[in-house]
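Presented below is the structure to which this report refers.
Note: hydrogens, waters and symmetry copies are ignored here, and every other heavy atom, side chains too, is used. When a residue number appears, it is its place in the shown sequence, counting from 1.
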Amino acid sequence: MRFRILEVLDQRDPFRIIRFVFLIAIVAIGTSVNAADDVQQSDEDSRFLVKQSGKLVRKGRLDEAEKILRALLGREPGHSAAKVQLAYVSLKKRKLIEAYELSFEVARAEPKNSRAFAVLGMTLLTAGNFKDAEQILVSSLRINKKEALAWAGLGMLDFYENRIDKAIENLREAAFYDDKDPDFVFSLAQVSARAERYKESALAYQRFLDVSSDTDSERRERIKGLINFLTYLGRKPSMYDIAGADRVSVRIELLRDRPVLEVRINKSDEPLRFVLDTGSGISVISRETAERLKIKSITRGGLARAIGGDGKFEIVYGFLKTVNIGDVQIRNVPVYIRKFHQTDERIDGYIGLSLISKFLTTLDYGKQKFSLIRKDVADELKVVENSDLFLPLRLTPSGFLSGEVQLEGIENRLNFIVDTGASVSVISDDLAGTEEIGRFLREEKLRVIGAAGITDNVRSFMLPRVTFGNHSRESIMAVALDLDIINEASGFTQSGILGGNFLKNYKLTFDFKNSKVIFSPLNK
């Protein structure tokens, strides 16, 4: 048909075919130019939308950023930058499966996309897959050494593995390459505080407030209070100084499978009952005990989020000049002061990890003894010669220790907090909702008392086997709790808590400095 038309045109006017072809060419060229303009305009609009979503993410407006990105991908399903950015938003909202799928798809299709590799690595790290996360993050930096998110990921991984100085170095790299991202500055502030670099930490938290547009007023109030407290600590020459004997061994009482020991504070001769709490980074003293001993607050810092009750309690910071455990004295000890909700037992406080972090610590549930040996003395005497006996633990920014646990029926190992301050073990609501664990539900419901109050009618489960390292126990009861509050602060997903009903079967030797523990069974 096309040739017939040309033939007719040619019969009428021999020059008209030339004009017709020329006209078609002009129209085609015009259409091509317009299409190219449209494509260029579309690309510019898409880049603008991705950039706009990034600004919203920095401001903490994740829902708005997600809406923009999903709309863009609805029009352009293959837009890789939008996919990677949506993966990052999903990561921040803890939608880890979606974050993994989106970032993995782009990384596989675009092996030179450093941002896709960085988001993928951070997703794996948040899920607790440390080995693969490290490989992916390193690959991102091989592609682009200026990829700030990859530096931040490696920094946090180093922190979890207790390489504190290396962690700070990598987080500084992240903040150098992207000094406008509040997350990098916030992480640097957390790690600096754990390294007892209080002045640096306070400055980093202030920087976070300056660069962030976080609309969460409670969080900002917490950080302001923390800055005041860190500034106060920064004026002190040192924290947690050790005096007195190089070693000590004291009796403990097991109260609902929690180890309780006597301490004395601030030159007072009154014996106080403190729970050893490896689930807390900083020590805590009850409001009533603080008032009785005239321990005043240094500053206040808004509301903290915790398990129990309405999920919140007021943050009040205090400071103890001395804490005595037997003949060992620890000087300059920061503490929280808060209300204790348990009324049927006398507990004055909780010993956090920081207080005993410079000791090799042994908790013997069988002999009911608690022992401390200064770490330098223990190393010199080779108290523990076989390092192969140690099981690795990981630090979290919120100050507790986490280890890998295997539950019967679950293929993958899960991260559990090792918490001597918890009477009973815990699994997350998410884990309890799986088919593998749901079948172990018990009829009995329990009351749980947490830092923020009391929760009734909590579901309980009888786990057939719980394994930590090479050590297993059968028929371990666990309660199911919402661990989102813990996971928001821990940096990587925690699926549960190993409490006293598991730990009481062992003699535990903690090397807090190197984040390791020895489990010695009390019986075969």
Task: Sequence neighbours excluded - side chain to side chain donor-acceptor pair (under 3.5 Å) pairs with any residue from residues 125-138 - done: N129-D132
Side chains of residues 223-233: which donor-acceptor pairs under 3.5 Å do they make with residues two or more places apart or in other chains?
residue	atom	partner	partner atom	Å
N228	ND2	K224	O	3.4
T231	OG1	I227	O	2.7

Open item on the list: Can a donor-acceptor pair be found, under 3.5 Å and without considering hydrogens, that links the side chain of R439 to the backbone of E436?
Closed with: yes
Open item on the list: Is it the case that the side chain of S425 and the backbone of A478 share a donor-acceptor pair, with hydrogens and angles ignored and the cut-off at 3.5 Å?
Closed with: no
- [ ] Kindly write out the residues that satisfy ring pair (Phe, Tyr, Trp, His ring centres under 6.0 Å) with F48, not counting sequence neighbours, or none if the list is empty.
- [x] none
TODO: Please say whether more than 12 non-hydrogen atoms of neighbouring residues, nucleotides or ligands are located less than 6.0 Å from CG in D210.
DONE: yes
Task: Side chain to side chain, Y100 and L120, heavy atoms closer than 4.5 Å - done: yes
Open item on the list: Show me the pairs that pass side chain to side chain donor-acceptor pair (under 3.5 Å) and involve residues 478-487, at least two apart or across chains.
Closed with: none
TODO: Please report the closest heavy-atom contact between A127 and N415, naming both atoms and the distance.
DONE: O-ND2, 4.3 Å
- [ ] List in chain and number order the residues that pass side chain to side chain contact (heavy atoms under 4.5 Å, CB included) with R300, two or more places apart in sequence or in another chain; answer none if no residue qualifies.
- [x] S297, E314, V316
Open item on the list: Tell me if a side-chain donor or acceptor on T434 pairs with a main-chain N or O of L431 at a distance below 3.5 Å.
Closed with: yes
Task: Contacts of R108 that satisfy side chain to side chain contact (heavy atoms under 4.5 Å, CB included) - sequence neighbours left out - done: F104
TODO: Please collect all side chain to side chain donor-acceptor pair (under 3.5 Å) contacts where either partner lies in residues 173-186, sequence neighbours excluded, each pair once.
DONE: R58-D178, K92-D183
TODO: Give a yes or no answer on whether the side chain of T278 reaches the backbone of V418 with a donor-acceptor pair at less than 3.5 Å.
DONE: yes
Task: Residue list, side-chain hydrogen bond (donor to acceptor under 3.5 Å, both in side chains) with T299, at least two apart or on another chain - done: none
Task: Electrostatic pair K445:D456 at N-O distance under 4.0 angstrom - done: no
Task: Check: M477 main-chain N/O paired with N501 side-chain donor or acceptor under 3.5 Å - done: yes
Task: Check: V466 main-chain N/O paired with E474 side-chain donor or acceptor under 3.5 Å - done: no
Task: F186 six-ring face occupied by R219 cation (under 6.0 Å, within 45°) - done: yes
Task: Pairwise side-chain contact, R197 with I168, heavy-atom cut-off 4.5 Å (strictly under) - done: yes
Task: Cation-pi geometry met for R394 and F130 (6.0 Å, 45°) - done: yes
Open item on the list: Could you work out, with side chain to side chain contact (heavy atoms under 4.5 Å, CB included) as the rule, every residue matching I485, not counting sequence neighbours?
Closed with: R305
- [ ] Nearest 0.5 Å please: distance from the CD atom of Q206 over to the CG atom of L203.
- [x] 8.5 Å
Open item on the list: Can you tell me which residue among E101, E98, K95 is in a side-chain hydrogen bond (donor to acceptor under 3.5 Å, both in side chains) with S90?
Closed with: E98
Task: Within 6.0 Å of CZ in R447, more than 12 heavy atoms from elsewhere - done: no
- [ ] Keeping the roles fixed (side chain from S201, backbone from A189), state whether a donor-acceptor pair exists under 3.5 Å.
- [x] yes
Task: Set of side-chain hydrogen bond (donor to acceptor under 3.5 Å, both in side chains) partners for Y350, sequence neighbours left out - done: R258
Task: Flag, side chain of T493 to backbone of G128, donor-acceptor distance under 3.5 Å - done: no
Open item on the list: Atom NZ of residue position K93 - does it have more than 12 heavy atoms of other residues, nucleotides or ligands inside 6.0 Å?
Closed with: yes
Open item on the list: Any non-hydrogen side-chain atom of L395 less than 4.5 Å from a side-chain atom of I164?
Closed with: yes
Task: Qualifying side chain to side chain donor-acceptor pair (under 3.5 Å) pairs with a residue from residues 139-151, counting only residues at least two apart or across chains - done: S114-E147
Task: Side-chain touch F468/L503, heavy atoms, less than 4.5 angstrom - done: no
Task: T123 (side chain) donor-acceptor with V119 (main chain) under 3.5 angstrom - done: yes
TODO: Assess the side chains of R75 and S46: does a donor N or O sit below 3.5 Å from an acceptor N or O?
DONE: no
TODO: Please name all residues satisfying side chain to side chain contact (heavy atoms under 4.5 Å, CB included) with R163, sequence neighbours left out, ordered by chain then number.
DONE: L157, D158, E161, K166
